[in-house]
Structure formats: structure tokens, C-alpha cells
Amino acid sequence: QVQLAESGGGMVQPGGSLRLSCAASQLTSDSYAMGWFRQAPGKEREFVAAVRLRGGYTYYRESVKGRFTISRDNVKNTVYLQMNTLKSEDTAVYYCAVDQRGILSTIRDPNVYEYWGQGTQVTVSS
């Protein structure tokens, strides 16, 4: 059973930065993909970024390209989301998740991810 623990959320002013971490236990394959999703009040959960553990290929939603960077440390089984130039619209609860198949065509679909962390709040406000 994969377990995920996120950390690094908080409150920051517009234009600021935060780094989220997601430590995973019981990962048994590097064929997995790990993703970050977010959910703002009254909105559906949306894809933010993902990385395929094998090869380190990365994927982003359009609105965060150039501002967010996802990376992974396969030795530590940890995925990071560096968020720069944060905007008020980035405010949400951020979740990390694991997709055991890591298929490119579905990597942005939250429904294919089998394991989820508890979420961490990110608030961007002046």
C-alpha cells in the first residue's frame, strides 16, 4: 500500500515562492507516475504537473508552465513542486498522487491515480 505525505504548503504574497514535497513509501516500481493536483473551493480537482519516475519526463498544465517545476528524487522516493511567481488563482489545496501505470495519454486524469496524499493548503494573498 503506497502512502504519501505532503508538506510545504502555506501562505505567501503574490509573486512569492513555495516548494511542496511529497514523500512516498512502498513504491515498488519506477514505472509509476507521480502527479500534483489542486482543488480550490467550489471547483473540481485539476491537474497541475506530473513526472514519470522512469526517465523523469514532466508534464504541466498550461497556466503553470514557466512558473512551476516538478522534480523527483528516486532514491528518497520524493517528488517536489517548486512554485514561483505565485498568483492568487493558485490558491488551493494541493494533493500529490501516484499512478501505477504512468501512461502518457491519461497522466492528466485524476481518476487514474490510485493513491493520494492528504493535501496541503497553498494560499496566495496580499
Side-chain angles (χ1 to χ4, degrees):
Q1 180 82 3
V2 174
Q3 295 183 323
L4 304 172
E6 301 116 331
S7 61
M11 179 177 288
V12 65
Q13 293 185 342
S17 298
L18 283 174
R19 188 174 85 152
L20 305 182
S21 299
C22 175
S25 63
Q26 308 299 324
L27 286 182
T28 58
S29 171
D30 65 355
S31 65
Y32 295 175
M34 291 186 70
W36 286 97
F37 294 80
R38 65 189 182 187
Q39 188 165 19
K43 295 187 177 181
E44 293 188 354
R45 190 168 298 188
E46 63 182 21
F47 169 79
V48 177
V51 59
R52 296 169 79 179
L53 299 184
R54 182 181 296 166
Y57 300 102
T58 58
Y59 311 89
Y60 299 91
R61 72 178 295 108
E62 197 63 33
S63 63
V64 307
K65 283 182 179 178
R67 300 188 299 122
F68 291 11
T69 302
I70 188 171
S71 60
R72 94 277 191 228
D73 183 329
N74 286 357
V75 173
K76 295 182 178 179
N77 280 344
T78 300
V79 172
Y80 306 95
L81 185 68
Q82 177 67 43
M83 305 185 294
N84 298 328
T85 319
L86 282 160
K87 305 175 181 180
S88 57
E89 52 262 43
D90 295 318
T91 295
V93 177
Y94 283 70
Y95 299 89
C96 72
V98 168
D99 169 13
Q100 296 183 91
R101 296 171 299 172
I103 298 173
L104 176 58
S105 61
T106 57
I107 206 165
R108 292 173 171 81
D109 183 356
N111 294 309
V112 306
Y113 286 74
E114 296 93 347
Y115 302 100
W116 291 83
Q118 79 285 357
T120 185
Q121 177 70 47
V122 171
T123 302
V124 185
S125 175
S126 56

Heavy-atom pair with the smallest gap, counting every atom of I107 and A50:
CG1-CB, 3.8 Å
Listed partners of K65 passing salt bridge (Lys or Arg N to Asp or Glu O under 4.0 Å), at least two apart:
E62
Is there any salt bridge (charged side-chain N to carboxylate O under 4.0 Å, His left out) pair reaching into residues 50-59, and which pairs are they, with sequence neighbours excluded?
D30-R54
Which residues pass the side-chain contact (heavy atoms from CB on, under 4.5 Å) test with T85, sequence neighbours left out?
R67
Connected hydrophobic set around V75, excluding itself, where side chains approach under 4.5 Å:
none
Nearest atoms (heavy-atom pairs only) where M34 meets A24
CE-CB, 4.0 Å
What I'd like to find out is whether the side chain of V93 reaches to under 4.5 Å of the side chain of Y95, using heavy atoms alone.
yes
Going through the distances and angles, do V2 and E114 end up as a side-chain contact (heavy atoms from CB on, under 4.5 Å)?
CA-CA 9 Å; V2 174; E114 296 93 347; over 6 Å; no
Using every non-hydrogen atom in the two residues, find where A49 and L81 come nearest and quote the distance to one decimal.
CB-CD1, 4.1 Å
How would you list, by chain and number, every residue that makes a side chain to side chain donor-acceptor pair (under 3.5 Å) with N84, sequence neighbours excluded?
S17, Q82
Please walk me through it: do Y80 and T69 pass side-chain contact (heavy atoms from CB on, under 4.5 Å)?
CA-CA 8 Å; Y80 306 95; T69 302; over 6 Å; no
Give a yes or no on whether the backbone of L53 and the side-chain of N74 come within a donor-acceptor separation of less than 3.5 Å.
yes
Can you measure from CG (N111) to CG (D99) and round to the nearest 0.5 angstrom?
11.0 Å
Tell me whether V64 is reachable from M83 by hopping between hydrophobic residues (I, L, V, M, F, W, Y) whose side-chain heavy atoms are closer than 4.5 Å.
yes
Pairs satisfying disulfide (SG to SG under 2.5 Å), at least one member in residues 1-96, at least two apart
C22-C96
Residues Y113 and A33: closest non-hydrogen pair is CE2-O, 4.1 Å
Pi-cation contact, F37 with R45 (under 6.0 Å, within 45°):
no
Check salt bridge (Lys or Arg N to Asp or Glu O under 4.0 Å) between R38 and all other residues, then give those that pass, not counting sequence neighbours.
E46, D90
Does Q118 offer a backbone N or O that forms a donor-acceptor pair with the side chain of E6 under 3.5 Å?
yes
State the CH2-OG1 distance between W36 and T120, to the nearest 0.5 angstrom.
7.5 Å
Using side-chain contact (heavy atoms from CB on, under 4.5 Å), reason through L20 and V122 one step at a time and then give a plain yes or no.
CA-CA 9 Å; L20 305 182; V122 171; 4.1 Å; yes
Check whether more than 12 heavy atoms from other residues, nucleotides or ligands sit under 6.0 Å from atom CD of E44, and answer yes or no.
no
Connected via hydrophobic side-chain network under 4.5 Å: V112 and I103:
no
With sequence neighbours left out, what residues match Y94 under ring pair (Phe, Tyr, Trp, His ring centres under 6.0 Å)?
none
Minimum heavy-atom distance between P14 and S126, given as atom pair plus value:
CD-N, 3.7 Å
Which residues satisfy the side chain to side chain donor-acceptor pair (under 3.5 Å) test with S63, sequence neighbours excluded?
R61
Quick check: is V51 connected to Y115 through a chain of hydrophobic side chains (ILVMFWY, heavy atoms under 4.5 Å apart)?
yes
The criterion is side-chain contact (heavy atoms from CB on, under 4.5 Å); which residues satisfy it with S7, sequence neighbours excluded?
S21
Which residues share a side-chain contact (heavy atoms from CB on, under 4.5 Å) with R108, sequence neighbours left out
F47, Y59
How would you list, by chain and number, every residue that makes a side-chain contact (heavy atoms from CB on, under 4.5 Å) with V12, sequence neighbours excluded?
L18, L86, V124
